[in-house]
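Please read all numbers here as calculations on a predicted model, not as lab measurements. To find a chain, count down the sequence lines: A is the first, B the second, and so on, and within it residues start at 1. Quick note: numbers below take in every heavy atom, side chains included, and nothing from hydrogens, waters or symmetry partners.
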Amino acid sequence: MSQPGPLREIGHSVERKDGVAKVTGRAQYLDDLVISGAVYAAIVRSPYAHARILSVERAAAAAVPGVVAALAAADLGALGERPFGTFLKDQRVLARDKARYEGEPVAVVVAEDPATAARAASLVDVAYEPLPPVIDVVRAREPGATLVHDTPPALGRQGRWPTVPGTNVCARVAIEQGDVEQGFRDADVVLERTYTFPRVFHYTLEPHGAVASATPDELTVWTNTGHPYQLRQELADMFELDLARIRIVVPYVGGSFGGKSFPKLEPLAAVLSATVGRPVKVLNGVEGSMRINRRHGARVTLRVGARRDGTLTAKHARVLLDGGAYADLGPVVTEKTSVRLLGPYRVPHYSIQVENVYTTTTPAGAFRSIGGPQSVWATESIMDELAAALDMDPVELRLHNLVSRGESVRPGLRPMDADLGDDLKRLGKAMDEAHAPEAAGRGVAVGISNPAELPISTAIVRLHYDGSATVLCSMVEVGQGLHTVLAQIVAEELSVPRAAVVVVSPDTRVGPYDWSSGASRGVTIVGTAVQRAAQDVRAQLLALAAEVAGVPAAEVAWRDGAVHVGERRVAPAQVIREWYGRPAGEVIGRGYVRNLGRDPAFWEIGMGGAEIAVDRDTGVIQLLSYTGLADVGRAINPQLCEQQDVGAIVMGLGHTLFEEMAYSESGSLLNPSMIEYRVPLVTDLPATLHAVLVENGDGAGPYGAKGMGEGGNLAVAPAIANALARATGVRIRDLPLTPERVWTALREAAARPARP
Amino acid sequence: MTARQITLDTTVNGRALSLSVEPEALLLDVLRERLGLTGSKRSCDVQVCGACTVLLDGLPVSACSVLAYEARGRRVLTIEGLARDERLHPVQEAFLATAGFQCGFCTPGMIMAVKALLDDSPSATPEDVREHLRGNICRCTGYASILAAVAVAQRALADGAAG
Ligand code: FES
Ligand code: FES
């Protein structure tokens with residue numbers, strides 16, 4: 001029925017669909033929307049990391065002219081009681097009996113304008129009885145530790161991992177294979193090391209927010225979420241409404257990186273609207289967003305064994321993730337961390353246990369490769385330590401142990417679908433080309449991750465009688481370039497000009513179901529749904545053309561971008577006009593995806609190499625060159641792929657060199673604004689920074705594409721720490737690699753007698 | 001006009017305006033809420049990120065941290081005032097050409113900061129450019145495509161494109 005021709009659209013760096021709107025300031029983000037009749041919420045937050053709430057005095061605030069309501073949990077009725085959470089139902093819109101982290105919402109003032117709301121919020125007087133904070137994961141796991149949650153929360157709809165009652169363990173996952181002790185007996189060298197990874201903040205430039213309008217039988221929420229359909233379910237449960245009565249509308253979104261996944265401010269906005277009977281706008285600014293979500297901190301104790309020739313024999317890992325006060329995506333992060341700790345190597349015997357631990361800090365959730373950077377930081381640092389112990393070249397050690405194409409990474413998962421050895425050699429060549437003569441050390445790291453879980457997506461493509469097309473799907477364009485790539489796919493499949501393809505932003509009243517925006521799944525999974533919908537349009541066009549011509553289906557075919565009835569060429573739009581008998585109607589194609597063969601849909605490969613110099617007087621690491629490598633199967637839009645990778649690399653520089661949400665002993669966030677919280681600036685870029693794309697056409701997605709976008713930040717920290725060790729002999733196992741840390745380590749090393 | 005309000009005579013994107021505003025009103029709020037010019041974005045709110053950058057008599061300022069009153073008798077230029085008759089400014093064209101954005105939230109401020117720099121020093125060196133853009137954070141792009149956009153804009157302006 002169809003003949004593949006050369007690709008016209010795929011593989012080209014075409015201009016972004018959202019470009020003009022974004023460079024002119026016309027793109028409308030949440031705070032730019034005008035929702036008539038909306039009132040504004042200001043949040044009153046707990047000043048304590050952990051405290052019992054004794055009373056909330058709100059009369060003074062309620063009396064301020066312009067205030068609509070001053071509310072505590074007790075004022076919200078059943079909606080204030082009902083816990084939410086996709087994996088564990090452990091969170092409420094306002095803290096009820098106790099606050100579990102500094103900055104947790106305890107009360108809210110709703111007013112006619114934001115300034116009045118903020119002023120009145122300062123008049124709310126909350127009496128607390130402070131409780132012991134739980135800040136450090138190790139202490140949080142000790143017997144008799146203060147419990148963050150006194151009673152075990154129920155599982156959420158997607159929950160599979162219960163908490164461990166009587167402890168602060170929010171989720172525990174253990175995986176093993178073979179006999180790990182035997183593996184260590186088989187080894188000639190055994191190393192045990194502990195690595196730590198800091199809690200870090202997403203800092204999407206656009207803060208979290210939500211506007212909700214609740215009526216007794218319908219709920220509409222405008223929000224910058226990454227997960228409209230997960231959110232719909234959560235709100236349907238909370239409000240006991242049919243899914244069809246919940247409408248989630250997503251305008252332009254100013255970045256997510258996972259931080260806007262799953263419910264955030266939306267339940268609060270919805271409950272407030274239901275309570276005051278008006279649309280309510282909740283925006284909390286960047287400082288508020290630092291009290292919403294962050295990446296899990298991690299403490300990874302790794303033991304690895306190898307034979308003298310470098311062959312790995314065993315791996316043992318015990319990991320504590322710092323999950324903060326509420327589970328959010330934590331249980332899934334726990335599970336992903338366990339697999340991501342395996343790394344890309346053949347390890348016959350392993351035992352890995354990961355625990356996500358509640359602490360009285362900002363809740364941790366999804367962040368660009370969940371558990372990925374934490375795992376790769378440990379596994380790729382220890383590979384270099386092992387190479388040093390074996391007196392082997394670190395790249396040789398890796399090449400010796402990498403799994404081959406088709407080889408199992410872990411039973412039950414998709415076998416490796418990339419040529420890792422070739423990729424690593426290509427990285428080496430690209431690094432040679434980028435070589436900076438003044439470099440004092442060079443390091444590499446190899447990351448793999450199993451993304452794109454739950455490949456469930458649907459899409460609709462509507463071909464209009466003028467030849468333009470509307471694409472409906474519900475993955476969110478958070479900046480990754482999704483809409484551009486989807487338009488390329490539709491233009492390719494239907495031979496319509498890309499400019500005539502409009503991709504509609506998510507609105508659950510209009511756009512069909514999609515599982516989520518994250519896990520590098522866009523092109524592979526949503527792209528497949530859209531491609532199938534476009535192909536469904538094509539199939540229908542052939543049937544309609546056959547009907548119009550009164551010929552058997554076998555006599556019509558799709559060739560060179562058009563329908564052919566015998567030798568007669570009919571443009572797609574013309575088929576529609578001829579079938580309806582006038583310029584009217586349309587053809588509606590549907591695409592469904594429920595799995596793409598094996599889990600994961602693909603392995604995401606993120607490698608990187610760094611060259612650095614070190615200022616021994618100050619401890620400052622100067623990054624001279626960085627080369628990333630992403631194995632993307634097929635780059636539908638190479639420019640967008642490269643930019644995703646470069647963006648991820650620079651984001652990785654943050655947790656490598658500067659970023660950490662620092663907490664005091666008492667649980668106060670010590671760097672609670674962007675003045676104190678330092679993210680990478682343009683002046684932090686190395687002189688040479690580039691990303692190599694490997695395209696073998698071997699992905700499960702359209703045209704052989706695989707997903708990407710998360711992998712770039714996996715390798716950054718270990719590559720730089722490995723370069724530091726090669727440059728100075730000093731191994732640092734705690735991130736970030738601040739000048740103070742580097743300087744101190746250099747000084748300690750200088751004070752130690754040289755090894756014989 | 002209540003007793004607390006003051007008169008603000010200013011020019012925004014070429015249009016002379018007389019507004020009554022609260023003395024403590026911030027320029028960003030007046031632009032976004034009063035004038036509906038929502039292209040300028042609020043992010044850090046503490047003069048670190050540059051998402052709210054607008055030009056005051058040609059100089060870049062953080063509108064989140066400047067009183068609206070500071071604009072009295074001066075010319076304010078926002079991202080909305082940059083394109084002329086739907087014809088994009090060469091800096092905007094350059095950001096399109098290199099895709100110097102992803103989510104786009106930093107973009108209006110970034111473009112205004114670049115315009116201010118190139119108006120002042122058209123042949124700024126790459127080091128000057130980096131130093132100048134230190135006050136504009138982008139969390140998405142890793143900056144490389146933004147630096148590429150600046151170079152493209154410099155070439156276009158040197159070739160006589162109307163800035
Ligand atoms: S919002 Fe003004 S500088 Fe960040
Ligand atoms: S494009 Fe998202 S912050 Fe710059």
Side-chain angles (χ1 to χ4, degrees), chain A residues 13 15-16 18-29 31-34 114-115 202-207 252-257 283 285-287 477-481 484 639-640 642-651 653-654 673-675 679-685 689-690 712, chain B residues 22 29 32-33 36-49 51 78-83 86 88-89 91-109 111-112 126-127 129-147:
Chain A
S13 297
E15 187 179 304
R16 288 182 64 121
D18 48 0
V20 175
K22 286 179 175 173
V23 303
T24 54
R26 279 203 288 267
Q28 295 228 304
Y29 299 79
D31 192 21
D32 305 334
L33 304 181
V34 176
H202 303 78
Y203 186 41
T204 57
L205 270 270
E206 180 198 31
Y252 278 99
V253 176
S256 169
F257 315 119
L283 293 169
V286 168
E287 291 170 25
E477 168 68 82
V478 290
Q480 76 280 53
T484 307
Q639 182 184 51
L640 293 182
E642 278 164 30
Q643 291 187 357
Q644 276 294 304
D645 219 39
V646 167
I649 289 165
V650 174
M651 182 172 260
L653 281 183
S673 86
M674 295 313 292
I675 294 177
V679 297
L681 306 174
V682 66
T683 39
D684 298 315
L685 256 56
L689 168 61
H690 68 268
Chain B
E22 312 238 315
D29 288 323
R32 289 181 52 86
E33 309 298 331
L37 297 171
T38 54
S40 308
K41 299 298 178 219
R42 169 172 266 125
S43 179
C44 73
D45 230 359
V46 287
Q47 220 174 342
V48 170
C49 76
T78 73
I79 188 74
E80 289 90 347
L82 205 51
E86 288 300 297
L88 297 184
H89 185 277
V91 174
Q92 290 171 307
E93 290 285 4
F95 271 72
L96 280 183
T98 68
F101 56 88
Q102 288 180 14
C103 80
F105 208 77
C106 70
T107 313
I111 288 176
M112 296 313 286
E127 291 68 43
V129 173
R130 289 188 187 211
E131 211 36 60
H132 179 82
L133 291 181
R134 257 187 83 88
N136 288 78
I137 295 175
C138 176
R139 192 63 155 163
C140 298
T141 61
Y143 302 104
S145 59
I146 292 171
L147 294 175

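Of the listed residues (A:V650, A:L205, A:T24), the greatest number of heavy-atom pairs within a distance under 4.5 Å of chain B belongs to A:L205. Counting heavy-atom pairs under 4.5 Å between each of A:P207, A:S673, A:P680 and chain B puts A:P680 at the top. Taking chain B as the reference chain and counting heavy-atom pairs below 4.5 Å, the highest number among A:L681, A:L689, A:V286 is found for A:L681. Chain A forms more heavy-atom pairs under 4.5 Å with one residue of B:A99, B:G39, B:P108 than with any other, namely B:A99. Your options are B:L37, B:I79, B:T78, and the one with the most heavy-atom pairs under 4.5 Å with chain A is B:I79. When each of A:G19, A:G285, A:S13 is checked for heavy-atom pairs under 4.5 Å with chain B, A:G19 comes out on top. Considering only heavy-atom pairs separated by less than 4.5 Å from chain A, the leading option among B:I137, B:I111, B:I146 is B:I137.
Between B:F105 and A:Y29, the ring planes lie perpendicular to each other; the angle is over 60°, past the 30° to 60° tilted range.
Of the two parts of A:H690, neither the backbone nor the side chain holds a non-hydrogen atom closer than 4.5 Å to a non-hydrogen atom of chain B. Both the backbone and the side chain of A:E206 come within contact range of chain B, with heavy atoms under 4.5 Å apart. Heavy atoms closer than 4.5 Å to chain B are found in both the backbone and the side chain of A:Y203. For A:V478, the part lying under 4.5 angstrom from a heavy atom of chain B is the backbone only. Contacts between A:Q28 and chain B at a heavy-atom distance below 4.5 Å involve the side chain alone, from C-beta outward. For B:A144, the parts sitting under 4.5 Å from any heavy atom of chain A are the backbone and the side chain alike. Of the atoms belonging to B:L147, it is side-chain heavy atoms, and not backbone ones, that fall under 4.5 Å from chain A. Only the side chain of B:L88 has a heavy atom closer than 4.5 Å to any heavy atom of chain A. Of the atoms belonging to A:V20, heavy atoms from both backbone and side chain fall under 4.5 Å from chain B. For chain A, the nearby parts of B:R134 are the backbone and the side chain; heavy atoms of each come within less than 4.5 Å. Both the backbone and the side chain of A:Q643 come within contact range of chain B, each with at least one heavy atom under 4.5 Å from a heavy atom of that chain. For a residue to count as touching a neighbouring chain, one of its non-hydrogen atoms must lie under 4.5 Å from one of that chain's; by this rule B:V48 touches chain A with the side chain only. Neither the backbone nor the side chain of B:L82 comes within contact range of chain A; no heavy atom of the residue lies under 4.5 Å from a heavy atom of that chain. For a residue to count as touching a neighbouring chain, one of its non-hydrogen atoms must lie under 4.5 Å from one of that chain's; by this rule A:L685 touches chain B with backbone and side chain alike.
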Discussion item. Could you walk me through whether B:H132 and A:V682 satisfy the side chain to side chain contact (heavy atoms under 4.5 Å, CB included) test, starting with their C-alpha distance in whole Å, then the side-chain angles of each, then the deciding distance to 0.1 Å, before giving a yes or no?
Written reply: CA-CA 9 Å; B:H132 179 82; A:V682 66; over 6 Å; no
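Closest non-hydrogen pair, A:G255 versus B:C103, comes out as N-CB, 3.3 Å. In terms of heavy atoms, A:K22 sits closest to A:A27 at CG-CB, 4.1 Å.
Side chain of B:H89 to backbone of B:V91: a donor-acceptor contact under 3.5 angstrom is found.
In this structure, CG on A:L640 lies 9.5 Å from CD on A:Q480, to the nearest 0.5 angstrom. Atom OG of B:S40 is separated from atom CG of A:D32 by 10.0 Å, given to the nearest 0.5 angstrom.
You'll find the side chain of A:D684 stays beyond 4.5 Å of the side chain of B:Y143, heavy atoms only. By the 4.5 Å heavy-atom criterion applied to side chains, A:E477 and A:V253 are not counted as neighbours. The shortest distance between side-chain heavy atoms of B:R42 and A:L283 does not fall below 4.5 Å.
With respect to B:E86 and A:R26, a salt bridge is recorded, a charged nitrogen being found less than 4.0 Å from a carboxylate O. Between B:K41 and A:D31, none of the side-chain N atoms (NZ, or NE/NH1/NH2) sits under 4.0 Å from a carboxylate O, so this pair counts as no salt bridge.
Applying the side chain to side chain donor-acceptor pair (under 3.5 Å) test to residues at least two apart or on different chains, the pairs with a partner in residues 92-102 of chain B are A:Q644-B:Q102.
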